[in-house]
Amino acid sequence: MVPVFSSSEAAKAYLSAGLVPIPLRPASKIPAISDWTHFELAEQDVEKVFGGEEINVGLLTGAPSSGLVDIDLDVSEARLLAPDFLPETGWIHGRESAAASHYMFRAPSISTRRFVDPMSGAVVVEQRADGCQSMAPPSRHPCGEMVVQEADGIPSLISPQRLEDCVRRLAAATLLALHYPQKGSRHNATNALTGMLIRGGWTEKDVLHFITAVARAASDEEWSERRRNVATTAKRIAERSPSTGAPSLAGLMPPEVVRTVGLWLGFKWNPTPHEGGGAQPVAGQQPNQKLQFISLGDLLDEPEEETPWLVEGRLPAGGVSAIVAKPKVGKSTLARALGLAVSRGEPWLGWETSPGPVFYLAFEEKRSEVRRHFKTMGATGEEPLQLIIGPCPVNAVAHLESAAERERPALIIVDTLQALVRVKDLNDYAVVSRALEPLVRIARHAGAHVLFVHHSRKGRTRQDGDSILGSTAIMGAVDTSIELRRTKSCRSLWTTQRYGEDQEEVVFELDPMTRIPSLGGPREAFEEGRLEDAILSALRDAHGPLTEEEIDHRVNGRTGRKRAALRRLVGRKAVVRTGKGVRGARFRYSFLEAGTSNSGILVSRSLVPLRRGEQETSNSGLDSPTLVPRSLVPEGPPTGDGGVEEAEPASENDGREKLPERPSLRWLIAPNSGGKGFQAGDARESDYMGIHNFVKRITQTIGKKHKFLLASDPATGPSIGGYESTGPVPDKRWSG
């Protein structure tokens with residue numbers, strides 16, 4: 001490649017080199033387009049796509065770009081070790097604080113893989129191929145630094161097997177450097193590592209190179225001494241003399257690190273962190289290692305660790321989570337939508353996702369239902385998403401661990417937990433903990449986020465985690481719990497997070513056509529609005545004022561919430577209260593007193609009607625209903641004055657919305673002179689239709705993403721003054 005100075009120039013250069021550039025959002029790694037994994041760019045469209053101000057440039061990796069592979073070095077130790085293990089290439093790029101952090105190669109048919117530190121869950125090295133994209137020069141990193149070329153040649157062509165072997169050794173060396181033993185135990189650790197590698201089939205020369213590189217990267221002042229250790233141990237092994245190996249190494253550094261290094265290097269054994277016939281170590285302890293104290297000052301000086309996210313702020317990469325609910329609430333639907341979103345790198349519930357391959361294990365779902373749902377969500381079949389549908393095999397956990405280690409998915413969905421782990425007693429803490437250990441291990445080793453679908457207890461749903469069916473070990477094992485509930489009025493969800501902030505309970509809806517979920521506002525606000533609507537409807541239908549007890553009989557809901565809703569309605573003057581609230585003079589509530597409408601029309605808060613022939617104006621700052629003089633609202637059947645016409649059947653292209661005809665209701669609505677909304681008109685119904693039903697019919701016809709200007713009069717019923725397309729109708733709370 002050659003140096004370039006703008007996004008469009010870079011895109012042209014990449015395109016001419018047989019690569020596929022994609023637009024990224026300014027100062028972001030997130031694609032600016034949907035379905036970016038299938039993006040194709042024609043040369044004549046480059047300026048249109050990449051000509052925007054500060055647009056970033058990404059490159060599709062894998063097959064779309066002729067086998068392009070990006071070796072992404074996420075930690076400084078990996079960048080330090082890369083020249084010792086990676087083949088030479090003509091293309092290296094990075095940024096000021098992470099120089100030479102991306103080595104680009106061409107290796108057709110290589111798979112995407114992430115190498116994750118089992119102790120921290122952080123990615124140390126990532127091998128990006130099919131299903132991925134990488135930010136390329138010239139782009140601005142989210143931290144503000146520019147991504148620049150450091151070697152301006154072309155990516156070297158290399159066999160997939162050789163490149164993968166090199167990356168595995170680099171990842172293993174990086175992990176050992178990150179967890180290098182403390183002074184005093186390094187000599188023994190080097191001997192044990194040498195024994196482990198030679199017994200794994202390495203030559204003495206390869207071991208010498210590997211251990212020397214690790215010692216240097218770990219700032220071991222006695223790295224030259226480690227070279228002599230290698231020669232000594234190799235000689236003892238050749239002479240069949242006693243020598244240490246993986247079990248001893250697992251006693252000098254975290255056993256999970258030793259096990260992970262062995263897996264990455266292709267060794268077929270599982271080191272046990274003890275030797276001889278001694279007692280097994282207690283879980284969480286590291287045998288044969290002295291207690292290592294750290295001062296509080298040193299602890300406070302350590303840099304903050306950034307949490308890598310699969311779903312921004314919600315699901316950490318390499319973590320474990322659960323979607324919990326009673327049957328028929330939407331658990332599996334939500335999980336499938338997540339799987340499709342991650343496979344495409346698209347937002348889920350409005351939260352950004354990191355793209356990657358997905359495993360979906362549907363042990364309790366009908367094959368036809370799974371197929372139908374993915375089709376309705378718009379899946380093409382090209383997404384990197386693999387499924388298992390049907391009964392769970394007995395050895396499923398072992399097979400899943402092997403597949404995850406080999407293919408490195410970004411997300412694994414297990415539907416349901418009980419179908420996979422087959423625990424006899426979900427309330428037994430020790431049994432459940434042991435059953436969940438393999439899932440946690442898969443997440444940490446493979447770098448995948450493991451999400452399982454699970455059931456909640458019978459009875460009322462609670463937000464303290466006690467609603468999860470089974471032992472508290474389940475809640476303790478997950479990094480995020482997503483709990484759902486369903487009432488007669490709505491579905492809602494909330495999260496409890498180990499990392500990030502909890503999500504308060506919000507309403508979520510399923511699109512009736514695609515069944516794609518989306519989030520709404522807080523559930524509490526929704527319920528408040530629903531109760532207010534119900535109370536207003538009851539008062540509207542009554543022949544006279546109602547007492548609180550009479551309202552209770554007509555409106556469903558908790559008594560305390562109904563009383564609060566009444567107080568809000570009275571405070572906004574949407575409802576009139578009479579009486580003193582004592583025996584013999586109880587409070588009575590009515591929709592509007594007859595005298596109120598003589599001086600004006602009660603208008604919903606934040607909404608003001610238009611004069612005939614005027615453009616609508618925004619007046620969303622009103623905190624309470626306003627009485628507007630009748631002169632501002634059209635009276636009687638409107639004529640053609642002021643550009644207002646009776647609605648006629650709309651043609652396909654006349655710019656108007658066709659409203660339904662009803663025998664007892666006359667609809668009048670027409671475009672205003674600016675073409676941005678509708679002029680004043682009204683609707684009347686002989687049976688005094690309520691605002692709620694009126695709005696419901698309007699929104700079903702025109703659409704939900706509009707702000708309506710409404711008024712209500714006891715004599716004439718509701719009227720519409722206009723609307724502007726600025727957002728959804730606020731909470732369905734209508735004051736008249």
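Counting begins at 1 with the first residue of the sequence.
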Mind checking whether Trp223 and Tyr180 have ring centres under 6.0 Å apart? no
Using atom types as modelled, flag every donor-acceptor pair under 3.5 Å from a side chain in residues 57-71 to any protein atom, sequence neighbours excluded.
residue, atom, partner, partner atom, Å
Thr61, OG1, Ala129, O, 2.6
Thr61, OG1, Cys132, O, 3.1
Ser65, OG, Val20, N, 3.0
Ser65, OG, Leu60, O, 2.6
Asp70, OD1, His102, ND1, 3.2
Asp70, OD2, His102, ND1, 2.9
Asp70, OD2, Ser134, OG, 2.6

Can we call the ring centroids of Tyr103 and His93 under 6.0 Å apart? no
Could you check whether any side-chain heavy atom of Asn229 comes within less than 4.5 Å of a side-chain heavy atom of His187, counting everything from C-beta outward? yes
Side-chain heavy atoms of His141 within contact of Lys29, under 4.5 Å: yes
Answer whether the closest heavy-atom distance between the side chains of Ser6 and Pro138 falls below 4.5 Å. no
Within the structure provided, determine whether Gln386 and Tyr360 are in side-chain contact (heavy-atom separation under 4.5 Å). no
Do Val124 and Val116 make a side-chain contact, defined as non-hydrogen atoms from C-beta onward lying under 4.5 Å apart? no
Ile55 and Leu24, any side-chain heavy atoms less than 4.5 Å apart: no
Does a side-chain heavy-atom distance below 4.5 Å link Arg168 with Arg113? yes
Below 4.0 angstrom, N of the basic side chain to O of the carboxylate: do Arg441 and Glu401 qualify? yes
Could Arg216 and Glu221 be called an ion pair, given the rule that one side-chain N must be under 4.0 Å from one carboxylate O? no
Ion pair check, Glu437 and Arg434, cut-off under 4.0 Å: no
Which heavy atom of Leu436 sits nearest to which heavy atom of Ala477, and what is that distance? CD1-CB, 3.6 Å
With a distance cut-off below 6.0 Å to the six-membered ring centre and an angular limit of 45° from the axis, does Arg314 pair with Tyr499 as a cation-pi contact? no
Does the ring center of Trp202 lie less than 6.0 Å from the ring center of Phe210? yes
Considering all heavy atoms, the nearest Arg498-Val478 contact: NH1-O, 3.0 Å
